[in-house]
S.K.: 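Have a look at this one before I ask anything.
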Amino acid sequence: MLLLGATGAVANLQQTSWGLKDPDSYLQSRLVCEQKLVDLRWSFQHWPAHNRHPKPTHNPTASAAQIRAAVLRNLKQEVYLQQQKSWYFSAAVVQAEWQRIQAASQMPKRLQQYMAALGHDEQQILACLVRPALVAQHFSAVGDPDALLGLDWRQLQRHPIQQGSTLPAPRIPSPRTRHTTIWDGNHMIIWGGYWQDFFDQYALRSGALYDPVLDQWQFTSSANAPEGRFQHSAVWTGQEMIVWGGLNDFVHGELNSGGRYNPTTGMWQATASGISEPRYLHTAVWSGTEMIIWGGYLPSGQGDGQAYDPSSNQWRDLSLLNAPTPNAGHAAIWTGSEMLLWGGGNARYKPDLDQWTAITGVNAPAGHAYPHMVWTGSFMVVWGGRLSSTTGIDTGGIYVASHDAWISTSQDQALSGRYAAAHTWTGSELFLWGGVGDGQLMSDGSLFNPNNNSWHAVAADNAPPPSQGLSAVWTGERVVVWGAAIRDGQSYDPSTDQWHDMYGNFIFDADFE
């Protein structure tokens, strides 16, 4: 079926890939290329090096039967959107989306790998990569998963689409702060958080996955998701994001619950309740076998620590022998063998021995709350923090855990003091942007290289507005910054010192559940 005025590629796609004269043959073709994409994404999926078991060759939650079910679900999603919304993903619409992706991809190098996996065949790329992602994006925002049960994917209709026909702008997550953000190797996953408008304030129960390769958002399912919350914690295990604790209200809203989200299946399951009181503003790290939490505010004061094992869905208490005084507002990182705490109750914890030891204070930076902290693979870098409710500090340190020793970070060309800045480790440098300092929101940033103890400024052109409470992840190509005032997100490429806009043609999600 030809489209009037369509290009040869678009017309050919409409005829060959979507004539549906042989649905079984088409389905088989989709399954073959979907397997290629599943394998490619699994190769990129982040598997913590300290996990108990090595990374499996294939995704354990993507068997042939599961891949078939996922493809059929996507086809039914398109049927639903046709029947319930009268939205038709015409060849021209899909082609236009592909052109947008190529221009807007935040990971252009990886996009080339996607194209190579599909043989640089435009028909496969459009039918197996672009169309399914576009369908899933729109369905995740407006669709009813339960309504798919009674649908037959063979009900897909192919009608001539008038020139100029368009889909509605896709929805993106509602603005928020105090949310959690993790990078799973393929997506930035944000969940929960807090937002306030002129009428009310909200503890959000929503989340979304941002795919920087396709520059697209998809919403996480709300089925079996934990209740809305903010100032909670989240860790990545290699297969799941585990969220726990937090607040669902500013007045006695502490939570003692959580959930486990698998981005491959899109499904949630509950965690067992903790064995201590509910808490918020605690820290959490993934040890390879357990999520270890420490500190935070409880209804009765400040919390100590517990560890959660998802394989048994059970909790255990951490030893308090030689443990630091429980506190909140500190930071925690995992080194591969132990948890390091700084910013109050400065200590290191070895879970295999259930043993605490102190971190030396000799030549250490000021141990103020809310420091920016990363693990480089060899040492811990700490910088900044809160001196008062409006003032940040401008000092830091490099902690060599193997020698229990500190090296002060250089002050030459360092950022002005701040806290609550977006920060992440790029593989070679600590990235920092924004935050609060001197009683105002900051609108600058810098990169710190601990190997030569030096700073260099991040470009200001096209940079995010002054902000606090942002989240940042490193994708391997760019830093993605999102949250608060940066409603559509921006990415930063350290190799070119340039900022890039993320998807800008959108409608904000209005669900403040």
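In this text, all values refer to a predicted model and were calculated from it rather than measured experimentally.
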S.K.: Quick test of your reading: applying salt bridge (charged side-chain N to carboxylate O under 4.0 Å, His left out), list the pairs with at least one residue in residues 100-114, sequence neighbours left out, ordered by first then second residue.
M.R.: Glu97-Arg100, Arg100-Asp215
S.K.: For His423, enumerate each residue passing the ring-ring contact (aromatic ring centres under 6.0 Å, His included) test, keeping only those at least two apart in sequence or located in another chain.
M.R.: His372
S.K.: Tell me, please, which residues at least two apart from His138 pass side-chain hydrogen bond (donor to acceptor under 3.5 Å, both in side chains).
M.R.: none
S.K.: Do the ring planes of Trp499 and Trp433 sit parallel (below 30°), tilted (30 to 60°) or perpendicular (above 60°)?
M.R.: perpendicular
S.K.: Please name all residues satisfying salt bridge (Lys or Arg N to Asp or Glu O under 4.0 Å) with Arg418, sequence neighbours left out, ordered by chain then number.
M.R.: Asp444
S.K.: Could I get the full list of salt bridge (Lys or Arg N to Asp or Glu O under 4.0 Å) partners for Asp146, not counting sequence neighbours?
M.R.: none
S.K.: My understanding is that only residues two or more places apart in sequence, or in another chain, count here; which of them pass side-chain hydrogen bond (donor to acceptor under 3.5 Å, both in side chains) with Tyr308?
M.R.: Arg260, Asn313
S.K.: List for me each residue that meets salt bridge (Lys or Arg N to Asp or Glu O under 4.0 Å) alongside Glu34, sequence neighbours excluded, and say none if there are none.
M.R.: none
S.K.: With a sphere of 6.0 Å drawn around CE of Met267, does it hold more than 12 non-hydrogen atoms of other residues, nucleotides or ligands?
M.R.: no
S.K.: For the residue pair Trp47 and Trp42, does the interplanar ring angle fall in the parallel (under 30°), tilted (30 to 60°) or perpendicular (over 60°) class?
M.R.: perpendicular
S.K.: What pairs with Tyr80 under ring-ring contact (aromatic ring centres under 6.0 Å, His included), at least two apart in sequence or on another chain?
M.R.: Phe139
S.K.: Run the side chain to side chain donor-acceptor pair (under 3.5 Å) test on Asp39 and Gln35 for me, step by step, so that the C-alpha distance in whole Å, both residues' side-chain angles and the decisive distance to 0.1 Å come before the verdict.
M.R.: CA-CA 6 Å; Asp39 290 342; Gln35 181 70 65; 3.0 Å; yes
S.K.: Tell me, which pairs form a salt bridge (charged side-chain N to carboxylate O under 4.0 Å, His left out) where one or both residues lie in residues 421-431, sequence neighbours left out?
M.R.: none
S.K.: Can you tell me how the ring of Trp455 sits relative to the ring of Phe448, calling it parallel under 30°, perpendicular over 60° and tilted otherwise?
M.R.: tilted
S.K.: Return the set of residues passing ring-ring contact (aromatic ring centres under 6.0 Å, His included) with Tyr370 (not counting sequence neighbours), or none when no residue passes.
M.R.: none
S.K.: Can you list the residues that meet the side-chain hydrogen bond (donor to acceptor under 3.5 Å, both in side chains) rule with Ser311, with sequence neighbours excluded?
M.R.: Asp309
S.K.: Using the rule given for side-chain contact (heavy atoms from CB on, under 4.5 Å), can you reason through Tyr114 versus Lys36, listing the C-alpha separation, both sets of side-chain angles and the distance that settles it, and then say yes or no?
M.R.: CA-CA 9 Å; Tyr114 277 48; Lys36 295 176 184 177; over 6 Å; no
S.K.: Does Arg68 have any side-chain hydrogen bond (donor to acceptor under 3.5 Å, both in side chains) partners at least two apart in sequence or in another chain, and if so, which?
M.R.: none
